[in-house]
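Working notes, structure below.
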Amino acid sequence: MLLKEKIREATDKVITEKFGVNIDNIDVTYPDNPSFGDYTTTVAFRVSKLLKDKGYKLPDISSKIVEGLKEKLKEEFSEINFLNGGFINLKLSKEYLSKLTEEISENEEYGKSDFGRGKGKILLEYVSANPTGPLHIGHARWASIGDSLYRAFITSGYDIKSEFYINDAGNQITLLRESVEAVRQGKEIPENGYHGEYIYELAKTKEDPIKVILEWQKEDLTLFDVHFDNWFSEKSLHDSGYVDDTFNLLKEKGLIYEKDGAWWFKSTLFGDDKDRVVKRSNGEYTYFGVDIAYHRNKIERGFDRLINIWGADHHGYVKRLESAISSINTDVKFEVVIGQMVSLYRNGEPVRMSKRTGDIITLREVLDEVGKDVLRYYLVSKKVDTHIDFDIEEAKKQSEDNPVYYLQYAHARISGILRNSQGIPEIEGSKDIIDTPESEEIARKLAKFPEEIVDITLSLEPQRMTTYLLDLASLFHKFYSKHRVIDNGKVHKGRRVLVKAVKNVLKKGLWIIGVNAPEVM
RNA sequence: GCGCCCGUAGCUCAAUUGGAUAGAGCACCUGCCUUCUAAGCAGGGGGUUGUGGGUUCGAUUCCCGCCGGGCGCACCA
């Protein structure tokens, strides 16, 4: 069980026992100032507010909670007290930290927890680019965020699957095939068709261009270290009659009606601004109409929670799909992470991207120029709701002093120490794992690693991992410059355990954000 | 016009979701390599958190107005 959860549970019990009240969502956080301890709760303020008519004073309340916590948490915490009236601070004991650090050093899977166990089946859908062209830098943002979220969920014990929805049906697909076919027959590409260079490349083959593009996309994602559990074809929904079936279901429920020759979904019943067309007057389904079927299918596959990552250009679409889903099933939880757009620049000049005109910079090009680690770090380190101006020249220039190397360097340094410490004698009496203030700070940081991963799943903000790793790497570099693990040909046993633990955490943390952990740099 | 998102150090971004003295990297200045990797470490300058109100013990965070930027308001996807 996570320490945060333990504290929360204990606090909840203490408050019920001592005051007979219930506080839900008890906050347990890390104080800014490390001298206050490892954990803080401000629950006393809330209890005080609840009991203000009964003559309790804030310090009395705090001191009673502290008393109760001391009894319940003596195994892990050496100091529990309160400050400034209601800030209750808890400090992990050195003995506990030493024991934990030793465990971490022997466990490459440290960071895993069972926090998400029993919390339902999750389907995470992201990228889902149209197979009408190569992936570009915008898709890369969703890919890096989605994959890191997925890794955090898995590590936190959730039952989660990732999925890429292939829009392999509809107008755009027809248009792309026509564009390629035109080139093959030596004709002009239709005005509203696709004009990118890759169209000519596709025309050289005899294969179905959609299939080829899909292969390109899969290759790019593999290079980007992004994995999907399932690739779901839109076309399969049409072919199996599932779209028609869903349409009929909505009709039976009285949720669609005919007007001006088209069929409309009554999304206003569920809070949308207006009703939306699901089937056009020419008999074809709209994207929305098919999407309802797709999401119904997700629900029927037994998922309780649907998380989608979309670009900000689709945010107006959230409400109507939400409406449709709640009309089918009210238990399923539907969440959309809206990511702001990525604008591309080269030497300060904006690069307009359009698949139609072929004016794009592909993910592959950027990968070739700046490398996977730099790009994944860059894209995951920024909160999804901030707009990104990505300058490819700037990214290359900065790559020398990119923070990602700071993290990797810490890992490589430790790897070096571990290599050099093999087969050399140990310093006598060097068993202490925490024998310096710097070691202690490191151990305290390591203790919070599983919670950081869980926090990513709760906030859906993977950039937190980059902040954590920078902190940890910084603590290690400080330790390294001040203390020696190998001294005069002999190794300090306890410190070797400590740096090994740091290595395991760095590696796992880098894995969460899809960055390699090199042994040598 | 209506809706969603953003505005924090010269630049790029954090801030554990309402907590204690708002932190990192880059850039700039000053030091540190005869022992484990200097892609590092130590120190310095740099802020009215766009702006004006409000809510409360407490606001970068929540609410309202204004300014600036992005995105959207289809029988397109």
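Residue numbers start from 1 in every chain, and the chains themselves are labelled A, B, ... in the order their sequence lines are given, proteins ahead of strands.
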G19(B) phosphate, OP1 or OP2: any side-chain N/O from Asn33(A) under 4.0 angstrom? no
Can you check the distance between A9(B) and A14(B), where both ends of the measurement are the C1' atom (answer in whole Å)? 13 Å
What's the gap between G25(B) and C41(B) when it is taken at their C1' atoms, as a whole Å value? 15 Å
For His483(A), which contact category applies under a 4.0 Å heavy-atom criterion: base, sugar-phosphate, or nothing? base
If you look at every strand shown and take non-hydrogen atoms under 4.0 Å, does Lys319(A) touch a base, only sugar-phosphate, or nothing? nothing
Of the listed nucleotides U16(B), A14(B), C6(B), the one nearest the side chain of Asp385(A): C6(B)
May I ask you to check whether Phe164(A) and Trp231(A) place their ring centres under 6.0 Å from each other? yes
Under 30°, 30 to 60°, or over 60°: which ring-plane class applies to Trp310(A) and His314(A), parallel, tilted or perpendicular? tilted
Whether Arg141(A) engages the ring of Tyr378(A) as a cation-pi pair (distance to the six-membered ring centre under 6.0 angstrom, angle to the ring normal within 45°) should be assessed. no
Under 4.0 angstrom, heavy atoms only, what part of the nucleic acid is Lys274(A) near: base, sugar-phosphate, or nothing? sugar-phosphate
Just to confirm, is there a sub-4.0 Å distance from OP1 or OP2 of G18(B) to any side-chain nitrogen or oxygen of Arg46(A)? no
Nucleotide nearest Tyr405(A) when distance is taken to its side chain, options A39(B), A20(B), U37(B): A39(B)
Among G72(B), U17(B), C6(B), which is the nearest nucleotide to the side chain of Asp313(A)? G72(B)
Nearest to side-chain heavy atoms of Thr286(A), which nucleotide of G25(B), A20(B), A77(B): A77(B)
Quick check on U16(B): is either OP1 or OP2 less than 4.0 Å from any side-chain nitrogen or oxygen of Tyr39(A)? no
Please tell me which of the listed nucleotides, C75(B), G40(B), C6(B), lies nearest to the side chain of Thr386(A)? C6(B)
Phosphate OP1/OP2 of C41(B): any Tyr406(A) side-chain N/O under 4.0 Å: yes
Does the cation-pi check pass for Arg413(A) over Tyr480(A), that is, NZ or CZ under 6.0 Å from the six-membered ring centre and within 45° of its axis? yes
Please give the distance between the P atoms of A15(B) and G31(B) as a whole number of Å. 36 Å
As a test of reading the structure: which of A77(B), C71(B), U35(B) is closest to the side chain of His314(A), going by heavy atoms? A77(B)
If you compare every side-chain N and O of Lys383(A) against the phosphate oxygens of A15(B) (OP1, OP2), does one of them come in below 4.0 Å? yes
Stacking between G19(B) and Phe87(A), yes or no? Criterion: centroid separation under 5.5 angstrom, plane angle under 30 degrees. no
May I ask you to evaluate whether Gln463(A) reaches the phosphate of A15(B), defined as a side-chain N or O under 4.0 Å from OP1 or OP2? yes
Flag this pair as yes if the NZ/CZ of Lys251(A) is under 6.0 angstrom from the six-membered ring centre of Trp263(A) and inside a 45 degree cone about the axis; otherwise no. yes
Within 45° cone and under 6.0 Å: Lys448(A) NZ/CZ vs Tyr468(A) ring: no
Between Tyr409(A) and A39(B), does any side-chain N or O lie under 4.0 Å from OP1 or OP2? yes
Nearest-Å distance once atom C1' is located in both C5(B) and A22(B): 23 Å
Residue Trp264(A), side-chain atoms from C-beta onward, closest of C75(B), G3(B), A14(B): C75(B)
Identify which nucleotide among G40(B), U16(B), U12(B) has an atom closest to any side-chain atom of Arg464(A), counting heavy atoms from C-beta outward. U16(B)
Is any side-chain N or O of Thr40(A) under 3.5 Å from a base N or O of A20(B), one able to act as donor and the other as acceptor? yes
Give the nucleotide from the list C57(B), G3(B), U37(B) with an atom nearest to the side chain of His315(A). G3(B)
Check every atom of C5(B), A77(B), G19(B) against the side chain of Gln340(A) and return the nucleotide holding the closest atom. C5(B)
